[in-house]
Each structure stands twice: as C-alpha cells, then as structure tokens.
Visitor: 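Would you mind keeping the following structure in view while I ask a few things?
Starting from 1, each residue takes its place in the sequence as its number.
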Amino acid sequence: MTQGADQSEFKVMVKRWLKSHRLDYRWVAEQCGVSEITVRNWMSQKNIPPLKLQLLEKVMVQMPSAGTAPAAAVQEIPGVTVNTSLALTIQLAPELYTRLAERAASQGMTMEALVAQAIAQLVQTPDAATAAALRSRKVILPTER
C-alpha cells in the first residue's frame, strides 16, 4: 500500500475485511490505540497515518481467515507452538529445536530447507511451479538460546 493521499481503495478493502471477520471500528480502534471516532474519521474523510496504516495491513495479512478451525481443534504437541495465518510461526522448545537441527544436519540440509521440504510434502501439489515456490520460500527460524 502506498502512503499517498488517496487511500480510498485500501479503506474499501478494510471495510470488506472487517465485515468478513465480523469485526467493527471499535475493534480497529483497540488494535491501533485510538478512539472509535478516530477510526470513523479515517474511514470517511481523513487519511490513515502511515504507522497505523502499516499496522492495519499487517493485521489483515496475519489474522486467520473467518471460518478457520478454532484453536481447541488443533492437536497440541508438547514443546511446540504454532501460529498460522498467511505466515507460519513455529516456536519449539530448545530440545526439539536441537533435535530438528541434528536431523537437518544428518541429511546434509539446513533447517530452513528441511522445514520447506516438509511443508511442500504436506501440500502435495501437482503444480510444479507452486511446489518450486514453496521450496524457495524463506523460512526464518529462531537461533538457539
């Protein structure tokens, strides 16, 4: 999203996104640390300040889509925390991180390549271009603590 004066298209996207997620301007205000009337002003006449605009973009990308299975339906694995949206964050207990690093090294791979390969196998897409794109995605894993 450009930081230019005309944000009308972005505002329409925000309104549609809010509606699809059954959220309102009060929720946006809470996320941005402003009043609901401020959000109403942004959406009707004023420009959204650049930092708040970036925050809204990030929330829209990272928040799971409506209709996603509730967290309680996800199988829990001790030592593993997963946060999904259009990004995937996996937090591992130190001993699991070490085991994964050892497995990657034993296969002559980086951890990033091992995880990308596992995701590509899970997706099992017949489209070669999509499979290649999945393998090339940059995966950022935390360093050992």
Side-chain angles (χ1 to χ4, degrees), residues 1-101 103-104 109-145:
M1 172 73 206
T2 61
Q3 305 293 327
D6 185 20
Q7 300 177 347
S8 58
E9 287 182 37
F10 178 72
K11 291 176 184 182
V12 169
M13 283 184 2
V14 170
K15 291 173 187 177
R16 286 183 188 147
W17 184 87
L18 287 171
K19 185 176 181 178
S20 74
H21 285 76
R22 296 185 179 117
L23 298 171
D24 57 16
Y25 290 163
R26 183 179 340 146
W27 182 87
V28 173
E30 290 170 3
Q31 301 306 304
C32 293
V34 297
S35 68
E36 184 177 347
I37 196 71
T38 297
V39 173
R40 290 188 181 282
N41 285 336
W42 291 345
M43 300 313 263
S44 65
Q45 58 194 10
K46 295 184 178 182
N47 277 337
I48 304 169
L51 291 176
K52 302 302 183 181
L53 188 136
Q54 289 175 359
L55 175 63
L56 282 172
E57 287 177 323
K58 187 172 183 174
V59 167
M60 288 170 63
V61 167
Q62 292 185 350
M63 187 168 177
S65 299
T68 301
V74 176
Q75 177 185 4
E76 292 193 25
I77 301 171
V80 178
T81 303
V82 178
N83 179 15
T84 62
S85 60
L86 292 179
L88 175 64
T89 304
I90 304 170
Q91 184 173 2
L92 302 171
E95 60 275 4
L96 291 176
Y97 183 91
T98 301
R99 286 177 49 202
L100 184 60
R103 183 168 183 179
M109 304 172 79
T110 64
M111 286 181 57
E112 292 84 356
L114 182 71
V115 171
Q117 182 183 57
I119 291 170
Q121 289 172 351
L122 287 172
V123 173
Q124 296 181 359
T125 178
D127 180 4
T130 304
L134 283 171
R135 283 191 298 274
S136 69
R137 297 275 184 196
K138 183 174 182 181
V139 178
I140 300 171
L141 297 171
T143 57
E144 290 187 67
R145 293 180 188 192

Visitor: On a heavy-atom basis, which atom in A113 and which in T110 lie closest, and how many Å separate them?
Guide: N-OG1, 3.0 Å
Visitor: Indicate the atoms forming the closest heavy-atom contact of M43 with K15, along with that distance.
Guide: O-NZ, 3.5 Å
Visitor: So, the side chain of K11 versus the backbone of W42: is there a donor-acceptor pair under 3.5 Å, distance only?
Guide: yes
Visitor: Got a second to check how far R103's CZ is from M111's CE, nearest 0.5 Å?
Guide: 12.0 Å
Visitor: Quick one: are W17 and L23 in side-chain contact, heavy atoms under 4.5 Å?
Guide: yes
Visitor: Could you tell me the separation between the CD1 atom of I48 and the CG atom of L55, rounded to the nearest 0.5 Å?
Guide: 10.5 Å
Visitor: Give me the one residue out of V59, V39, L56 that meets side-chain contact (heavy atoms from CB on, under 4.5 Å) with C32.
Guide: L56
Visitor: Is any side-chain heavy atom of R26 less than 4.5 Å from a side-chain heavy atom of E30?
Guide: yes
Visitor: Between T98 (side chain only) and P94 (backbone N and O only), is there a donor and an acceptor less than 3.5 Å apart?
Guide: yes
Visitor: Is L18 close to V28 at the side-chain level, that is, under 4.5 Å between some pair of heavy atoms?
Guide: yes
Visitor: In sequence, state the C-alpha distance, the side-chain angles, and the governing distance for H21 and W27, and then conclude on side-chain contact (heavy atoms from CB on, under 4.5 Å).
Guide: CA-CA 11 Å; H21 285 76; W27 182 87; over 6 Å; no
Visitor: Taking all atoms of both residues into account, what is the closest heavy-atom pair of Q7 and L53, and its distance?
Guide: NE2-CD1, 3.4 Å
Visitor: Considering only residues two or more places apart or on different chains, which pairs with a residue in residues 37-48 satisfy salt bridge (Lys or Arg N to Asp or Glu O under 4.0 Å)?
Guide: E36-R40
